[in-house]
Q: 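If you scroll down you'll find the structure; I have some questions about it.
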Amino acid sequence: MRVIEELKRIYKSKIMPLEKLYQYDIFHSPILSDAEFDSKPQVMLIGQYSVGKTSFIRYLLGKDFPGVRIGPEPTTDRFVAVMDGPDERIIPGNALAISNDLPYRGLEQFGVAFLNRFEGSQLPSQVLRNITLIDTPGVLSGEKQRVSRGYDFQHVCAWFASRADLILLLFDAHKLDISDEFRGVIECLKGNDDKIRCILNKADQVDRQKLMRVYGALMWSMGKVMRTPEVLRVYVGSFWSEPLMYNDNAELFEMEEADLMRDLRSLPRNSAVRKINELVKRVRIAKVHAYIIGYLKEQMPMFMGKESKQKKLCAELPQVFRTVMKRHNLAPGDFPDIKDFKSKLEEQDFTKFATLKPQLIEAADMTLASDIPRLMEALPRSIDPAVDIKLITPTFVDETKEVVESNPFDEEGDTTWCMEQFVPEYKPLFEEHQVDGFVSGKAAKQILTASNMEVGTLRKIWDLSDIDKDGRLDLQEFVIAMFLTARVKEGDELPATLDPDMVPVEKR
């Protein structure tokens with residue numbers, strides 16, 4: 001049983017009828033499409049302008065993406081979905097919103113003013129094969145935050161956050177102040193706390209003592225905004241291709257980067273779990289919504305005084321919530337924000353609301369009690385291999401996909417390896433750094449960095465050399481890496497893929 005297909009079936013048969021009958025899309029979010037279930041994990045980046053959001057994406061990809069603009073001023077003036085594709089191109093927001101293959105149809109509710117500030121940046125990238133990155137406009141501060149964007153920035157951020165698998169809040173080590181707009185954006189992320197991580201970027205521009213103070217100040221500031229006793233995970237580093245300004249914390253930055261990359265690599269594997277979790281939250285909220293709408297309909301008079309009764313119910317909405325909660329034994333945390341719900345409720349005609357239908361509530365309860373646990377049991381159980389994960393470039397692999405074996409009747413291919421002649425040249429260096437027959441990612445990074453080549457080039461060399469993608473190099477992979485490094489230094493260009501005869505026989 002395919003978990004995602006079964007999840008779609010459950011939603012369409014048991015939850016969608018409930019949402020349609022009680023107008024869930026008007027008060028909360030639009031009906032889910034197939035594309036939203038099938039979509040890749042999404043990573044959303046939020047931060048004030050010039051904290052390095054776009055530079056972080058370029059660092060992650062190892063190259064520029066279509067439409068990229070980087071500068072000290074607010075350069076990214078739109079939401080950008082950076083996605084994988086066969087060629088490099090920019091897709092306008094209006095086209096993205098009507099595509100049945102992409103999970104952005106729900107953005108139509110924000111109108112043309114927003115869609116003109118939304119675009120897709122498509123490019124072929126190994127990193128993007130199983131994730132999509134969402135770059136956002138820099139959050140404004142000072143006088144700039146008083147200028148209207150033409151659309152509800154916080155509501156758009158909340159829409160993306162509810163569908164993201166990971167939310168990265170970026171901070172500049174020299175700019176820790178949280179503006180009013182940034183505070184509002186962080187508060188609108190409420191309910192997605194488990195997805196939020198912080199990145200203290202440009203940390204190489206302060207020495208060790210100042211970094212300790214900056215880290216403490218960031219935790220204090222975030223504690224005041226988040227209003228929770230739990231401490232957010234903060235990754236400290238300098239996420240761009242330039243050399244470090246202060247090398248005091250170089251080892252710390254490497255460990256932090258490795259932890260962040262591990263977090264990112266886990267997203268494809270945990271995507272199904274996240275979608276199940278989001279559907280559970282949606283079912284609970286939809287059930288509470290149905291109870292509220294059913295109660296309001298029940299309180300409306302048959303003939304006279306409908307308008308005055310509707311106004312009275314809106315004014316007494318907190319009491320309505322308490323009554324519904326006690327009558328049906330519901331959790332307070334499943335109820336919507338009163339102010340927001342009331343503003344939408346006042347525009348509706350209560351007489352057109354549907355009465356409560358117990359069979360729909362029972363179907364939702366059955367989903368939570370039986371269907372979802374059954375899906376959780378069907379998920380594949382996998383354990384991360386204990387390998388060195390310090391990579392020069394991250395690798396995103398969807399471990400839920402079935403491995404297709406090669407044809408067992410294929411004729412046996414060439415059994416020679418053209419790189420064998422270079423083994424004597426590079427084996428002494430390999431022996432100097434190997435542990436248990438492998439050069440770790442950290443050791444390889446030091447060796448390759450000594451070539452003084454650009455980080456983007458080194459990323460490609462690692463990508464081509466680490467054939468089995470285990471985050472370390474055996475002797476054959478090490479020889480390939482050193483050979484490619486030498487060729488680039490002599491002026492040759494890196495190939496897009498290794499020639500078949502360059503791949504070791506047992507790895508073909």
Side-chain angles (χ1 to χ4, degrees), residues 4 7-8 11-12 15-46 66-67 76-85 89-122 131-137 139 148-165 167 184-185 188-189 191-192 195 274-275 278-279 281-283 285-286 289 293 336-337 340-341 343-349 352:
I4 297 302
L7 199 63
K8 286 192 285 188
Y11 173 74
K12 290 179 180 179
I15 309 305
M16 186 187 294
L18 181 75
E19 293 183 353
K20 287 184 175 180
L21 183 62
Y22 297 106
Q23 304 176 30
Y24 181 90
D25 57 328
I26 295 177
F27 292 89
H28 298 278
S29 61
I31 302 298
L32 295 178
S33 63
D34 285 352
E36 291 183 86
F37 285 98
D38 297 329
S39 64
K40 301 174 184 178
Q42 298 191 78
V43 179
M44 182 182 185
L45 290 87
I46 304 176
T76 303
D77 61 347
R78 59 195 64 224
F79 285 79
V80 181
V82 186
M83 62 186 74
D84 185 47
R89 62 187 178 118
I90 293 176
I91 307 172
N94 289 279
L96 288 175
I98 62 173
S99 173
N100 292 324
D101 298 327
L102 297 172
Y104 304 119
R105 184 172 287 275
L107 291 171
E108 290 180 309
Q109 63 180 303
F110 299 109
V112 176
F114 165 72
L115 293 177
N116 288 337
R117 293 291 180 180
F118 175 51
E119 68 183 22
S121 178
Q122 179 182 285
I131 67 168
T132 297
L133 303 172
I134 306 296
D135 194 10
T136 62
V139 179
S148 173
R149 295 179 185 267
Y151 59 90
D152 194 325
F153 180 71
Q154 293 183 14
H155 275 76
V156 172
C157 286
W159 188 92
F160 276 106
S162 66
R163 289 155 177 80
D165 292 69
I167 302 169
V185 170
C188 82
L189 302 179
N192 299 288
K195 307 176 187 177
R274 200 275 304 174
K275 287 172 181 174
E278 291 299 318
L279 185 62
K281 290 196 292 186
R282 189 179 180 100
V283 172
I285 294 172
H289 176 75
I293 297 299
D337 178 76
D340 185 50
F341 193 83
S343 65
K344 296 174 181 176
L345 198 61
E346 289 174 338
E347 299 175 0
Q348 305 302 314
D349 183 357
K352 295 182 180 179

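Position 1 is the first residue of the sequence, and the numbers go up from there.
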Q: Do Phe27 and His289 make the cut of ring centroids closer than 6.0 angstrom?
A: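 Ring centroids of Phe27 and His289 are less than 6.0 Å from each other.
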Q: Can you tell whether the side chains of Asp34 and Lys12 come within less than 4.0 Å, N to carboxylate O?
A: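 Yes, charged N to carboxylate O under 4.0 Å.
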Q: Within the side chain of His28, is there an N or O that forms a donor-acceptor pair under 3.5 Å with the backbone of Ala286?
A: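 Absent.
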Q: Without swapping roles, check the side chain of Glu36 against the backbone of Ser33 for a donor-acceptor pair under 3.5 Å.
A: yes
Q: Do any pairs count as a salt bridge (charged side-chain N to carboxylate O under 4.0 Å, His left out) and have a residue in residues 90-102, sequence neighbours left out, and if so which ones?
A: none
Q: Mind checking whether Met16 and Leu32 have side chains closer than 4.5 Å, heavy atoms only?
A: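 No; the side chains remain at least 4.5 Å from each other.
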Q: So, the side chain of Gln109 versus the backbone of Gly106: is there a donor-acceptor pair under 3.5 Å, distance only?
A: yes
Q: Shortest non-hydrogen contact from Met44 to Ala161?
A: SD-N, 3.7 Å
Q: Should Leu7 and Lys275 count as side-chain neighbours, where that means a heavy-atom distance under 4.5 Å?
A: yes
Q: Stepwise, does the side-chain contact (heavy atoms from CB on, under 4.5 Å) test hold for Gln348 with Ile26?
A: CA-CA 10 Å; Gln348 305 302 314; Ile26 295 177; 3.6 Å; yes
Q: Evaluate the ring planes of Phe79 and Phe153, with Trp represented by its six-membered ring, and classify them as parallel (under 30°), tilted (30 to 60°) or perpendicular (over 60°).
A: tilted
Q: Contact between Ser29 and Tyr24 at the side-chain level, heavy atoms closer than 4.5 Å - yes or no?
A: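 Yes - at least one pair of side-chain heavy atoms lies under 4.5 Å apart.
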Q: For a 4.5 angstrom cut-off between non-hydrogen side-chain atoms, does Tyr104 reach Phe160?
A: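 SC-SC contact between Tyr104 and Phe160 confirmed.
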Q: Look up atom CG in Asp337 and atom NZ in Lys344, then write down how far apart they are to the nearest 0.5 Å.
A: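 Going from CG on Asp337 over to NZ on Lys344, the span is 9.5 Å.
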Q: Any non-hydrogen side-chain atom of Val283 less than 4.5 Å from a side-chain atom of Leu18?
A: no
Q: Provide the closest heavy-atom pair for Asp165 versus Pro41 in the form atom of the first, atom of the second, distance.
A: OD1-CA, 3.2 Å
Q: Decide whether Asn100 and Arg105 meet the rule of one side-chain donor and one side-chain acceptor closer than 3.5 Å.
A: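 Side chains of Asn100 and Arg105: pair found under 3.5 Å.
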Q: Roughly how far, to the nearest 0.5 Å, is the CD1 atom of Ile15 from the CD1 atom of Ile31?
A: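 Answer for the CD1-CD1 pair, Ile31 versus Ile15, is 11.0 Å.
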Q: Nearest heavy-atom pair of Leu189 and Cys157: which atoms, and what distance?
A: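 Looking at all heavy atoms of both residues, the closest pair is CD2-O, 4.5 Å.
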Q: What's the spacing between Lys8 NZ and Leu279 CG if we round to 0.5 Å?
A: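 Going from the NZ atom of Lys8 to the CG atom of Leu279 covers 13.0 Å.
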Q: Report yes if the side chains of Ile131 and Lys40 come closer than 4.5 Å at any heavy-atom pair, otherwise no.
A: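 Side-chain contact under 4.5 Å: no.
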Q: Which residues pass the side chain to side chain donor-acceptor pair (under 3.5 Å) test with Lys195, not counting sequence neighbours?
A: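 Per chain and number, Lys195 pairs via side chain to side chain donor-acceptor pair (under 3.5 Å) with Asn192, Glu278.
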Q: Give the intermediate values and the outcome of side-chain contact (heavy atoms from CB on, under 4.5 Å) for residues Asn116 and Asn94.
A: CA-CA 7 Å; Asn116 288 337; Asn94 289 279; 3.3 Å; yes
Q: To check you understand the geometry: which heavy-atom pair defines the closest contact between Ala113 and Gly150, and what is its length?
A: CB-O, 3.3 Å
Q: Taking atom NZ of Lys20 as the centre, does the number of heavy atoms from other residues, nucleotides or ligands within less than 6.0 Å exceed 12?
A: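 Counting neighbours around NZ of Lys20, 12 or fewer heavy atoms of other residues, nucleotides or ligands fall under 6.0 Å, so no.
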Q: Determine whether Leu115 and Leu107 make a side-chain contact, defined as any pair of heavy atoms from C-beta on separated by less than 4.5 Å.
A: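 The answer is yes; the side chains approach within 4.5 Å.
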Q: Run the side-chain contact (heavy atoms from CB on, under 4.5 Å) check on Gln122 and Val82 step by step: do they pass?
A: CA-CA 6 Å; Gln122 179 182 285; Val82 186; over 6 Å; no
Q: Have Arg78 and Thr136 got a donor and an acceptor in their side chains that come within less than 3.5 Å?
A: no
Q: Could you tell me which non-hydrogen atom of Ile134 sits nearest to which non-hydrogen atom of Gln42, and how far apart they are?
A: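 Closest heavy-atom pair between Ile134 and Gln42: CD1-OE1, 3.4 Å.
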Q: Could you pull out all residues at least two apart from Asp25 that satisfy salt bridge (Lys or Arg N to Asp or Glu O under 4.0 Å)?
A: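 Per chain and number, Asp25 pairs via salt bridge (Lys or Arg N to Asp or Glu O under 4.0 Å) with no residue.
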Q: Are a donor atom and an acceptor atom from the side chains of Tyr11 and Glu19 found within less than 3.5 Å of each other?
A: yes
Q: Report yes if some heavy atom in the side chain of Arg89 is under 4.5 Å from a heavy atom in the side chain of Ile91; otherwise report no.
A: yes
Q: Check whether any side-chain N or O of Arg163 sits under 3.5 Å from a backbone N or O of Trp159 as a donor-acceptor pair, and report yes or no.
A: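 The answer is yes, because a donor-acceptor pair under 3.5 Å joins these two groups.
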